[in-house]
Every structure is written in structure tokens, then in C-alpha cells.
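First comes the structure, then the notes that go with it.
Note that the structure is a prediction, hence the values are computed from the model and not measured. Note that ligands are numbered from 1 as they come in the structure, with each ligand's atoms numbered from 1 the same way.
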Amino acid sequence: MKIYDLLIVGGGPVGLYAAFYAGMRGLSVGLIEAFDQVGGQPEHLYPEKKIYDVAGLPEISGATLIENLLKQLEFVKADIFSGQRVLNIQKQDDLFSVSTDRNKKYKQADENDALVSTDKLFQSKAILLTTGAGLIAPRKLGIEDENKYYESGKISYFIKNLADFKDKKVAVLGGGDSALDWALMLLNVAKEVHLIHRRPKFRAHEKTVTLLEQSQVKLHIPYTLSALTENEIELNKVKSDEKKVLSVDKILVNYGFLTNQVDLIEQLEVSRSNRILVNREMQTNLAGVFAAGDGADYEGKVPLISVGFGEAVIAINAMSKQIELDHALKKGHSSSLFG
Ligand SMILES: Cc1cc2nc3c(=O)[nH]c(=O)nc-3n(C[C@H](O)[C@H](O)[C@H](O)COP(=O)(O)OP(=O)(O)OC[C@H]3O[C@@H](n4cnc5c(N)ncnc54)[C@H](O)[C@@H]3O)c2cc1C
């Protein structure tokens, strides 16, 4: 079995950048991500929303940021495994064993390498936990046949591609900022946009609510969805017997997301908010285990992408002093390494 210098758990923006940076410094690196698609929160929660506070990128969408991180990753050798959730990490002697729920190869740096893992088990000299907000799952509607409609594409929990909604009659469910932003954005492509919210007031920025009220979005408040068929949804007015039926092609459920932090290693110290406690070098209480990004915690922590990128650099430089490398660590600025 291949022994990596570093295994990274979590393929959000911070894990992806860490894989690049570790590869650039000459570490052999593997990254394991639970979702089929890497990218974490920007990819799954807000792919088309704009980000303005990543250094050197005045304006970039969540999905494009991830696309760029994957392009940057192509400069180095790194094995990326997705659709594979890490279940447990154990240390035996000086090596970590990382076990996952299935064996699925996403991208292997060197196609001539032997298959890296055949038994859902990986080994490394160091671990970087970039598990962020944890496993991300959308809050569901909770109706019968919800999965069937999700599989057929009628129900979505986030928008991957606005073009999927082109010329469609869309019902957006929810009353927070995301629901309102999506409803307004969908107006640019959809044939009709309905917004259904169970409360008489929205929980969103005043400016967004004003924009919504002045827009062509058809509001149904306070209503909840009570039934759905292939082409129609039935709405029930809250605290009333009043019902109405709308003809819609697609439903976007925007009830927020549940995140689930999983305990991966015994005796790992966590903060009150269940984030992994680290010192100034992003080292946890366990030797050889580091954490960076939203999942890491310390006094003054700010959970932002640019902060996580910096933390990954600190962690990798610190760990490379600790682990015994079979090869020399690459030193110097990136221009001298790639130029
Ligand atoms: C709506 C919204 C808007 C935002 N806007 C901004 C902004 O404008 N600027 C900004 O800087 N930040 C913004 N953020 C915050 C930013 O998205 C996070 O700081 C960033 O995503 C943290 O990256 P990460 O890689 O640490 O974690 P995440 O993005 O949470 O990625 C963690 C990854 O780890 C994976 N994972 C977890 N557990 C396991 C496991 N056991 N096995 C395998 N994989 C696992 C998850 O599936 C996930 O892909 C925003 C967040 C939200 C929700």
C-alpha cells in the first residue's frame, strides 16, 4: 500500500488548496472527500453566488473558485478521492491508517502508479483535517416520494446550473436570504418564479426584501406546500383551510442545510462549538494531526476562505518539519519551483 506523506480529509476550498501547497513543497499527498464532487460549501451551498474577499480575486463565483483551485492543483501530483467518506483515523507506530466507507478512485496523479487503495484503507505520516462545516446535507421537505422527485430533477436543494431552470415555472420554498436571492436570480432565466414561505415576513436583508417586492416574483405567504404531482403543487394557507394549486415544473427547496461533524479520531480536543482545537502551527493535541479551515478553532478564529488558505500553509510548513520525508522538501518561492 502506498504510504503518503500527508492525507487530507475534506475537499472543500481549504483542502484543495492544501493539496496543491503540500504537492508544491514536495510532499506526496492524497485527499479524501465525502461528496462525489469536491468543493465544499462554495460548490454545494453557493456555486453561483459571488465572493469578493479572496485576495487577488476581485469577484468570483463559488463554482469558479473551485474550478480555479482544481486548475492550480494540476501543477502538482496529488491523488484526489471523492465519493468516499472518512470514517476513522488511527495511529499505529508512526503511521496513520485512514478508513473510509468505499473505495472509489477520482483522480490519481500518476496513472502508472499501482492502485493506491484496494480496501478502503489509506496510510500516511501526517493528517490534515479540512472537514470544514462537516458533512453537508440539505434540510428536506419531508414529504412522501421526495427522493423520487429529487432523482428526476423536479426537486432541487441548490442550483448548480441556472440553465437547468431556463423557461421553467419554478417554485422556490423558503424565506431566508438564499431563497430570496435565488428567486431574484431565477427571474433572469425562468418563465415564472413563485416564492412560498410559511411566515408572513421574510428573514432576509431589508434591501433584498424590497427588491423582491418590486420584482415579478409571485409571492405566496404564509403558505406551505401540502402535496405535489408531476406538474402541480398544492399549497395550504397557514392556520387556515384555504388551498391553492400552482402549475410548476421545478421546485427549489431552500430550507437551509444541516452540517454534521463526525468524530474521526479518538481523544481529539474540540472547542465548545465542536471545532478542532489547534495551536499556532495548526497542530491539534495529537502529534502529526493538523487542522485548517472552518473545522479548526482557536481564539480569534474567523471562518473565511482566505483565513483557511493561510492556515493550510502554516500547517503544511509545520508538519513537514516533523515528518520524516524519504525525499528532500522543496524550498523557495513558487516562481522558482514552477518557473
Ligand atoms: C452562503 C455562504 C456564503 C459564504 N460567503 C463567503 C464569502 O463571501 N467569503 C468567504 O471567505 N467565505 C464565505 N463563506 C464561508 C466559506 O464558504 C467557508 O469559510 C469555506 O467553505 C471553508 O472551507 P473549508 O474547506 O474549511 O470547509 P468546507 O467548505 O465546509 O469543506 C469541507 C469539506 O469536507 C468534507 N468532509 C467533511 N467530513 C468529511 C469526512 N468525514 N470524510 C470526507 N470528507 C469530509 C465535506 O464534504 C466538505 O466538502 C460563505 C459560506 C456560506 C454558507
### Message
Checking the side chain of Asp101 only, and the main-chain atoms of Gln84 only, is there a donor and an acceptor separated by less than 3.5 Å?
### Response
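Side chain of Asp101 to backbone of Gln84: no pair is present.
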
**Asked** With under 30° as parallel and over 60° as perpendicular, where do the rings of Phe122 and Tyr4 fit, or are they tilted in between?
**Response**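 Phe122 vs Tyr4 ring planes: tilted.
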
Anything under 3.5 Å between a donor and an acceptor, one on a side chain of residues 200-211, the other on a protein residue two or more places apart or in another chain? List them.
residue, atom, partner, partner atom, Å
His205, ND1, Asp177, OD1, 3.3
Thr210, OG1, Glu206, O, 2.9

Notebook entry, point to check: So, do His197 and His220 have ring centers that fall under 6.0 Å from each other?
Noted result: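 When the ring centroids of His197 and His220 are compared, they turn out to be at least 6.0 Å apart.
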
Give a yes or no on whether a salt bridge exists between [X] and [Y], defined as a side-chain N under 4.0 angstrom from a carboxylate O.
X	Y	value
Lys154	Asp249	no
Asp167	Lys191	no
Lys49	Asp181	yes
Lys169	Glu232	no

Closest non-hydrogen protein atom to [atom], residue and atom name please, with distance?
atom	value
atom 27 (O) of ligand 1	Gly132 CA, 3.2 Å
atom 31 (O) of ligand 1	Gly12 CA, 3.4 Å
atom 41 (N) of ligand 1	Val86 O, 3.1 Å
atom 47 (O) of ligand 1	Glu33 OE2, 2.8 Å
atom 7 (C) of ligand 1	Asp53 OD1, 3.7 Å
atom 10 (C) of ligand 1	Leu304 CD2, 3.4 Å
atom 39 (C) of ligand 1	Leu135 CD2, 3.6 Å
atom 30 (O) of ligand 1	Gln41 NE2, 2.9 Å

Proximal atoms of ligand 1 relative to [X] (non-hydrogen, under 4.0 Å):
X	answer
Leu45	53 (C)
Thr130	32 (C), 33 (C), 34 (O)
Ile51	7 (C), 8 (O), 9 (N)
Gly293	26 (O)
Ile32	43 (C), 44 (N)
Gly40	29 (O), 31 (O), 48 (C), 49 (O)

For [atom], tell me which residue out of [options] has the closest non-hydrogen atom.
atom	options	value
atom 32 (C) of ligand 1	Ile305, Asp294, Thr131, Val14	Thr131
atom 23 (O) of ligand 1	Gly10, Pro13, Ala133	Pro13
atom 4 (C) of ligand 1	Tyr17, Phe35, Tyr46	Tyr46

ask   = Could Lys140 and Tyr255 be counted as a cation-pi pair, given that NZ or CZ must be under 6.0 Å from the ring centre and within 45° of the axis?
value =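 Because its charged atom misses either the 6.0 Å distance or the 45° angle limit, Lys140 does not stack over Tyr255.
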
Take every heavy atom of Gly308, measure it against each atom of ligand 1, and state whether any distance is under 4.0 Å.
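Gly308 does not count as a contact of ligand 1 under the 4.0 Å cut-off.
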
>> Within the structure, is a non-hydrogen atom of Gly134 found at a distance of less than 4.0 Å from ligand 1?
In response: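 True for this residue.
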
Can you tell me how far the OH atom of Tyr149 sits from the CD atom of Glu230, to the nearest 0.5 Å?
->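 CD of Glu230 is found 5.0 Å from OH of Tyr149.
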
- Does Ile3 sit in a hydrophobic cluster with other residues, and if so which ones, taking ILVMFWY side chains as linked at heavy-atom separations under 4.5 Å, directly or through other members?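 For the cluster that includes Ile3, the remaining residues are Leu95.
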
Exercise. Is it the side chain, the backbone, both or neither of Pro303 that has a heavy atom closer than 4.0 Å to ligand 1?
Worked result: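 Near ligand 1, Pro303 shows its backbone, while the atoms from C-beta on stay back.
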
(request) Could you tell me whether the side chain of Leu162 reaches within less than 4.5 Å of the side chain of Asn188, counting heavy atoms only? (result)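 A side-chain contact is absent here, since even the closest heavy-atom pair is not under 4.5 Å.
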
